[in-house]
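Fair warning: this is a prediction, and the values are worked out from it, not measured in the lab.
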Amino acid sequence: MDRKVVKKKYDIVYLWANPLVREFNNTLHPITHLNVTDEKKCFRIALEESQKKLKYKIDSATSDSLSHIALTGCKVLHFTGHGAKGGLYFEAENGLAHFIAPKFLKDLIMGGKDECKIQLVFVAACNSINVGKAFVNAGIPHVVASTEEIEDTCTKKFMQHFYLALLSSRTVSEAFKHAVNLVRAMPDPADHVKSTDEAAKFILLPPRGDHDKRIFQQTSEGNLTDMSPKLNGRINQTHRELTSRGSYQYKLMNVLNRRNNNNYKVVNIHGPKGIGKTVLAENIASYFYERSSFTDGVYFIDFAEEFDAVELKTDQLAKYAAEAMGIKDITGFKGLSGYLGEKEILLVFDGIGDQHEYKLGKLVKNLTRRGNTKILVTSRRRLLLADSKKRKNNVDSKLVTLPDGWCDSRVPYLKDKYISQLLTIWTSSTICNEVKVPGVDLNCLSGRQVLKAIWQSLAKYPLVKKLIQGIPGRCRLAAHIYKRTGCISKTYDRLKEHIDLEERPKIVRITEENKKEERENFLNEFKHQSNISLKAFKARVNSHFKELFRTKRAFSERDLNAFVAKLNNGSSTELKVRAFKSWWEDIYWPIVRTLQYVLRYWEENIIKGISFDRYHAADLLQGKSSGTFVLRLSGSQISKIVVVLKTENEIRNCLITCTSDGHFSLDDREDKKNIEYDSLGNLVMSESSLKFLYPDKLKRLNFNETSS
């Protein structure tokens, strides 16, 4: 936001910096999130309790805002953020840290003059003594800093009571001593952290300076005047830190930021339940909101409770979104689109049910046809549009830019070390009591070494490797169960039971016994028709397949034509009901049976789509690393599976036979032997040409994605 020069001098200015990442050697490194919200509350409480007539400002700390304050002038300047021995971390665009050395801080604070009129600077950052000395060298008579890292609770209490004493006409020295004494008298904030030790880390500079100045002695009683940048919008003002996601969030925000000269209006982040989509969306909305990055506001709209299981139209979604934004008399997406007009607004849509994703995609497309509105959407699957055939497939977790101004990204899974860290945090470190690392005393290790040792020990349990799978939501559930049971083995059993009930696809099993009944159910709507439209029949095939496997997409139109062509030899546009039974027995049932046997091993992987097309499968593997594979069905040999494998030099097609009793065998073996395996997984792990495809060593199993 463009800043206008304010002629009136501020009494107190509170600058805060909370960047997401810092760049080092062209690599982004996450930065620990600070609880600035609580500290700002303490700051406001101190100002309100003083009952003084003050002009104050709370703003993000950038080189621009510091220069603005130096030119405008203020009595007291407060900085909260990360510090290092060589300077302070301010904010740049989109959460990138901007390191400013003491020399440049001094130049900025001088504002081009020979002397600085700021009377006091409070640097609430770790290891800020060197920065404090730079402010002293700039001519500031009173500087509060710290010699080491200080526990957050102590910092907040010190700051609140220091300012309250200062505004109560105490001298700087008296206010400092009062705040130090308060911290000394506090209960110890954490294990191995003594309040007396924390109090000793605060320092008043210069050490031999005259600090008997009463800065606010002449300030009369009255009302506060808040001159902070105006915050527009409605969001959930709660930041939930998700370990290691700072770099990913920074990349998403780079796409969304209105200042960047790009044509991207929509970002769709998708992933399984519990992966952290809502947390990411809330944090991005909060970041832009607190910094007034969008002139006309940031709005977070949660559809989760309102439209979880009801049928709705696009206009109903638009009406609900308008009400969540505080806009009245909007009845449809045309009215909402007209209201947005040329406004600079960020909309965040979260929590939409799987069954409504297409409707939401349609709404988003209409809202971004014109104007400067940008939209962030979360969904479990990639958001579908009417023109989805034109969109590119994305099977990795990197951002993919789309030609129509859309950008979609699959949220990455957390690495093992971060899951270990979350488990330790969420169980309040009690898990350390049960985990025993042979020959290692955890009390003698550093924090990072403890996490590594705990993870190595926990990795022996199926709980971590097979159930959590890098999903933070499952990690939190595991921690909750562990805190209740106090036993890792019981935690595994209960977590497995929960995932069996909630997470895995609920697949309808067809057996030899109920096959006839299922066939009759399929033909229910055609019973009284002697001739059946091929179009209606193909629609029923896809509908039935989706019901069986709980998938949103089944056969493509091209595959369906080839698939159904065997009915009446494809010579008629109408088919006889009597021809259906042989088609079911010879074609459809073997395919269903084969896929059920496949899912018996890979039952946590939901089918995304089915294809017979070998060229489409080859297209999916273009640009992928060696060892990546997809499964498809053989177009010429019904019920057989083809593993389409990307090697260093070529794309190979390996044919696998599935027998009627659920056994699998690899065709075209070099030794011509016919070896049967009881599951597709055992075949993959045992055959030398396929064993490196085992999902635990690769990414995941992907069926072909096709447009239906």
Side-chain angles (χ1 to χ4, degrees), residues 232-236 256 258 263-270 273 277-278 280-282 284-285 288-289 294-391 402-408 539 542-543 546 550-553 707-708:
N232 294 321
R234 292 186 178 186
I235 65 166
N236 298 331
L256 283 168
R258 69 175 180 84
N263 297 318
Y264 308 128
K265 292 189 174 183
V266 179
V267 173
N268 173 214
I269 56 176
H270 51 88
K273 178 181 178 181
K277 304 182 293 295
T278 297
L280 271 169
E282 287 179 344
I284 290 173
F288 284 135
Y289 174 81
F294 287 80
T295 307
D296 298 297
V298 178
Y299 296 88
F300 188 96
I301 295 104
D302 184 3
F303 293 103
E305 297 181 1
E306 189 74 14
F307 302 115
D308 188 36
V310 298
E311 282 296 326
L312 77 161
K313 297 181 179 179
T314 307
D315 283 342
Q316 289 175 278
L317 282 175
K319 183 178 179 181
Y320 178 78
E323 290 174 353
M325 296 169 64
I327 309 168
K328 298 181 180 180
D329 302 325
I330 297 289
T331 57
F333 68 82
K334 290 184 178 179
L336 183 57
S337 179
Y339 170 82
L340 295 176
E342 299 298 323
K343 292 183 173 66
E344 291 182 345
I345 288 179
L346 173 65
L347 300 178
V348 181
F349 293 155
D350 179 63
I352 196 70
D354 294 349
Q355 68 272 35
H356 304 316
E357 287 177 357
Y358 175 77
K359 297 290 185 182
L360 184 63
K362 185 178 178 182
L363 173 63
V364 169
K365 182 179 179 181
N366 281 289
L367 294 182
T368 54
R369 286 184 185 276
R370 60 189 181 88
N372 299 312
T373 299
K374 295 205 173 186
I375 300 179
L376 172 66
V377 190
T378 69
S379 58
R380 292 194 185 179
R381 290 169 291 198
R382 191 177 293 111
L383 207 61
L384 300 177
L385 293 174
D387 57 349
S388 59
K389 292 182 180 180
K390 298 179 181 179
R391 304 186 66 204
L402 305 172
D404 55 358
W406 285 57
C407 178
D408 68 21
N542 259 351
S543 173
K546 293 174 184 178
R550 295 296 190 269
T551 180
K552 193 167 185 177
R553 306 163 79 182
S707 301
S708 57

Q: If you look at every heavy atom in Val348 and Ala285, which pair is closest and at what distance?
A: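 Here Val348 and Ala285 meet closest at CG2-CB, 3.9 Å.
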Q: Is the shortest side-chain heavy-atom distance between Leu340 and Met325 below 4.5 Å?
A: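 They are in contact (side-chain heavy atoms under 4.5 Å apart), so the answer is yes.
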Q: Taking all atoms of both residues into account, what is the closest heavy-atom pair of Ser379 and Asn268, and its distance?
A: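 Closest pair (atom of Ser379, atom of Asn268, distance): OG-ND2, 3.1 Å.
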Q: How many angstroms lie between atom CD1 of Ile327 and atom OH of Tyr339, to the nearest 0.5 angstrom?
A: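 Ile327 CD1 to Tyr339 OH: 4.0 Å, rounded to 0.5 Å.
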Q: Could you pull out all residues at least two apart from Thr373 that satisfy side chain to side chain donor-acceptor pair (under 3.5 Å)?
A: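 Here no residue qualifies.
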Q: How would you list, by chain and number, every residue that makes a side chain to side chain contact (heavy atoms under 4.5 Å, CB included) with Thr368, sequence neighbours excluded?
A: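 Lys265, Val266, Ile375.
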Q: Could you tell me which non-hydrogen atom of Ala318 sits nearest to which non-hydrogen atom of Leu363, and how far apart they are?
A: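 Scanning both residues, the minimum pair turns out to be CB-CD1, 3.8 Å.
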Q: Heavy atoms, side chains only, cut-off 4.5 Å: are Leu317 and Ile352 in contact?
A: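 Yes, close enough: below the 4.5 Å cut-off.
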Q: Looking at side-chain heavy atoms only, is the closest gap between Val377 and Leu360 below 4.5 Å?
A: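 Yes, their side chains come closer than 4.5 Å.
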Q: Asp350: which residues meet the side chain to side chain donor-acceptor pair (under 3.5 Å) condition with it, sequence neighbours left out?
A: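 In terms of side chain to side chain donor-acceptor pair (under 3.5 Å), with neighbours along the sequence ignored, Asp350 is linked to Thr278, Thr378.
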Q: List for me each residue that meets side chain to side chain donor-acceptor pair (under 3.5 Å) alongside Asp296, sequence neighbours excluded, and say none if there are none.
A: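 Here no residue qualifies.
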Q: Over all heavy atoms of both residues, which pair between Asp302 and Tyr320 is shortest? Give the atoms and the distance, please.
A: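 It is O-OH, 3.0 Å.
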Q: Can you list everything that forms a ring pair (Phe, Tyr, Trp, His ring centres under 6.0 Å) with Phe349? Sequence neighbours excluded, please.
A: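 For Phe349, the residues satisfying ring pair (Phe, Tyr, Trp, His ring centres under 6.0 Å) (neighbours in sequence not counted) are Phe303.
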Q: Verify, without hydrogens or angle tests, whether Lys277 (side chain) and Ile269 (backbone) share a donor-acceptor contact under 3.5 angstrom.
A: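 No, because the side chain of Lys277 does not come within donor-acceptor range (under 3.5 Å) of the backbone of Ile269.
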Q: A quick test of your reading: do over 12 heavy atoms of other residues, nucleotides or ligands sit less than 6.0 Å from NZ of Lys334?
A: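 It does not: Lys334 NZ has 12 such atoms or fewer within range.
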Q: Nearest 0.5 Å, what's the NZ-CG distance between Lys319 and Asp329?
A: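 Going from NZ on Lys319 over to CG on Asp329, the span is 9.5 Å.
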Q: Check whether any side-chain heavy atom of Ile235 sits under 4.5 Å from a side-chain heavy atom of Glu282, and report yes or no.
A: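 Side-chain contact under 4.5 Å: no.
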Q: Looking only at non-hydrogen atoms, find the nearest pair between Leu376 and Ala281 and report the distance.
A: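 Reported closest heavy-atom pair: CD2-CA, 4.0 Å.
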Q: Mind checking the CG-CZ spacing from Leu347 to Phe294? Nearest 0.5 Å is all I need.
A: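 Result: 9.5 Å between the selected atoms.
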Q: Of all residues at least two apart in sequence or in a different chain, which pass the side chain to side chain contact (heavy atoms under 4.5 Å, CB included) check with Ala324?
A: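 So Ala324 forms a side chain to side chain contact (heavy atoms under 4.5 Å, CB included) with Ile301.
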Q: Tell me if a side-chain donor or acceptor on Asn372 pairs with a main-chain N or O of Lys343 at a distance below 3.5 Å.
A: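 Not a single qualifying donor-acceptor pair exists.
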Q: Working note: Leu256 + Leu346, criterion side-chain contact (heavy atoms from CB on, under 4.5 Å); need CA distance, chi angles, decisive distance, verdict.
A: CA-CA 8 Å; Leu256 283 168; Leu346 173 65; 4.0 Å; yes
